[in-house]
Amino acid sequence: MRNAEIAEAMSELATLYELDGAIRYRVLAYREAARVIRQSPVSIEELARDGRATELPGIGETLQQKIVDLLDTGEIPAAAKLKAKYPASLIEVTRIPGLGAKTVRRLYDELGVSSLDDLREAAESEKIRDLKGLGARVEENVLAALARLGEEGPAERLLLSEVLPIAEQLAETLREHPASDQVTVAGSARRMAETCKDIDLIATASDPKALSAALVEHELAAQAGTAGDAGTRITTFNGVSVDLRIVAPDAYGNLLQHFTGSAKHNVELRERAVRMGLSVSEHGITEVESGDVVRYADEAEVYERLGLAYIEPELREGNGEIAAAAAGELPGLVEITDIRGDLHCHTTLSDGRNTPEEMAAAARARGYSYLAVTDHSASHGFGNHVTPEALLERVEEVAAYNASNPGRFRLLAGSEVNILPDGSLDYEPAVLQRLDWVMASVHTSFRISEKRMTERVIEALRNPHVDCIGHLTGRLIGKREPYGVDVGAVIDAAVQNRKLIEINGNPNRRDLNEGYARLAAQAGLPIVVNTDAQGVDTLSNMTYGIATARRAWLTKRDVANTRSWRELLKLRGRRS
DNA sequence: GCCGTTTTCGGCCCGACTGTTTTCAGTCG
């Protein structure tokens, strides 16, 4: 059973318990467990079968047993019992914004509302206002929420690449405004998360209202609230909602820390504060006993006051960073400026838009000392494939380029070779042998079993000509689920065969994801951060690859392409 | 239900906003 399915069962049970009036901390415990399970890079099924699920934070003996029950019988007895008590369609009603479990339970008990249809009818026939504490306004909000649900579905999360450029453009506009002092992008965009729900901008200003007005009047604003002293909110034409919060300079650090999140990180931070006799909020740090409040202009001072080293935004996910900061054991994260080359990109030979010469020029302009052109192999299946003859011509072409462009930069002849369903590659060894660098990726036959997919990739890792596995799980964020593959087993096989593995920086992929990348690094597997660029413009997707690497706690040393080409070659198993 | 450099029991983050109420519960981020 996939982690996502187990997490979904826990999350459902949390809602059922909540409807049943369980104490909130039990509900919270199940929600937290669901989050931990969903995020885990290792198989919860295997862990629970070994009785080791309790090794995860937030999972104790009770949940360990419930997971085993779920695996054995397909359901959790406690959930089955509650489902007999409350109709399954009641859970959907709790998804209406503004209606929590308490309210839904009352609607069920007092009005017999047990589905979204019942809810609509109750609101339309003005029965909700009969309940104590609820009024006509609630009916209006419910109907509006139901209408939104009907036309557009639940609010989608946007890719970081869709959000970050807008966030930076807006921040830049505000920075140029005469009334502005400091402006920073906060929230999940600052943490470089895979997806973002909205944009948070944090600012200080000599004239807050004027700065708010500048955002309201921005050409990207399709809708806008009122421009106030505390900030404002707009929605851009492509539907991204943007919150601007303006604060006095002396509390800028507190506000920035608070609105950078994540929620989990902030909760852990405040729990630590409580143990120190302190209370942390966006307004400052209060000494509980004396009631004295201290504000911090600089975010780093907030962490310092709590006895912590500064924590980079990418690490603020509640994955052990606070304990590491307390112990002085935070990793020195890899920086984009550490990157010395890109080992996965395409040219006009397959599906790219630029020639090798143009790609090389762009790579040099980025300060790289090497670039591998890795066009798709013969059986790619989407046209534009490269025959063995064409690939050998490419080898000559690359040699000629390097001969006529002496110096520090080296163009590398490579290929992104398809891994066929049986794990073989679709070029002969004699062809592969001529290449400087071989990426091997799965592009077809996704729907085989996890076992076969794992064997398929491991077979490719045994091939002496393969250097690196590309986009291992094949996911497209928000569009295509990763295919079933035992990442842990692939990591082990890669280490054994002295291969490398890629973080693909295409913002739709970010594959390996941060959880798996952290696992790979812990196993000692060298990671290559690549772009998979299809043109000179997308070589800049290194930003997203590095974001994932940093969120995976990777250091410069963990990332192979922070090395010179000569040093990098020492990491791989085959003869060069 | 989980967890432990105050605790194996008694705690478990903080504040804004909303809608309904004359002081607050519920919901959300």
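In this text the structure is predicted, and so the values were computed from the model without any measurement. Note on naming: letters A, B, ... go to the chains in the order of the sequence lines (proteins, then strands), and numbering restarts at 1 for each one.
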Walking DNA chain B from its 5' end, the first of A:R275 and A:L99 to be reached, judged by nearest nucleotide, is A:R275

Counting just side-chain N and O atoms, does A:Y30 come under 4.0 Å of either OP1 or OP2 of B:dG1? yes

Could you please name the option among B:dC12, B:dG29, B:dG1 that lies closest to any side-chain atom of A:Y17? B:dG1

I want to verify a distance call: between B:dG1, B:dG26, B:dC12, whose nearest atom is closest to the A:K102 side chain? B:dG26

Check the angle between the aromatic planes of A:Y310 and A:Y303 and answer parallel, tilted or perpendicular using the 30° and 60° thresholds. perpendicular

Which of A:R157, A:R510, A:E162 passes side chain to side chain donor-acceptor pair (under 3.5 Å) with A:T195? It is A:R157

What is the distance from CG of A:L306 to P of B:dC14, rounded to the nearest Å? 12 Å

When you match A:L56 and A:L278 each to their closest nucleotide on DNA chain B, which lands nearer the 5' end? A:L56

Among B:dC14, B:dG29, B:dG1, the nucleotide that comes nearest once only the side chain of A:V274 is considered: B:dC14

Assess the side chains of A:Y86 and A:D20: does a donor N or O sit below 3.5 Å from an acceptor N or O? yes

In whole angstrom, what separates A:R245's CZ from B:dG29's P? 12 Å

Select base, sugar-phosphate, or nothing to describe what A:K66 touches, counting heavy atoms under 4.0 Å on all strands. sugar-phosphate

Any-strand Watson-Crick or G-U partner of B:dT8, both distances under 3.5 Å: none

Which heavy-atom pair separates A:I67 from A:A53 by the least distance, and what is that distance? CD1-CB, 4.4 Å

Filtered N/O pairs between nucleotides 15-24 of chain B and protein, under 3.5 Å:
unit_1: B:dG15; atom_1: O3'; unit_2: A:H283; atom_2: NE2; d: 3.4
unit_1: B:dA16; atom_1: OP1; unit_2: A:H283; atom_2: NE2; d: 3.1
unit_1: B:dG19; atom_1: OP1; unit_2: A:N141; atom_2: ND2; d: 2.8
unit_1: B:dT20; atom_1: OP1; unit_2: A:G135; atom_2: N; d: 2.6
unit_1: B:dT20; atom_1: OP1; unit_2: A:G135; atom_2: O; d: 3.4

Under 3.5 Å, is there a donor-acceptor pair between the side chain of A:T73 and the main chain of A:L70? no

Are A:R295 and A:D250 ion-paired here, with the side-chain N under 4.0 Å from a carboxylate O? yes

Looking at B:dC12 and A:Y25: do their rings stack (centroid distance under 5.5 Å, interplanar angle under 30°)? yes

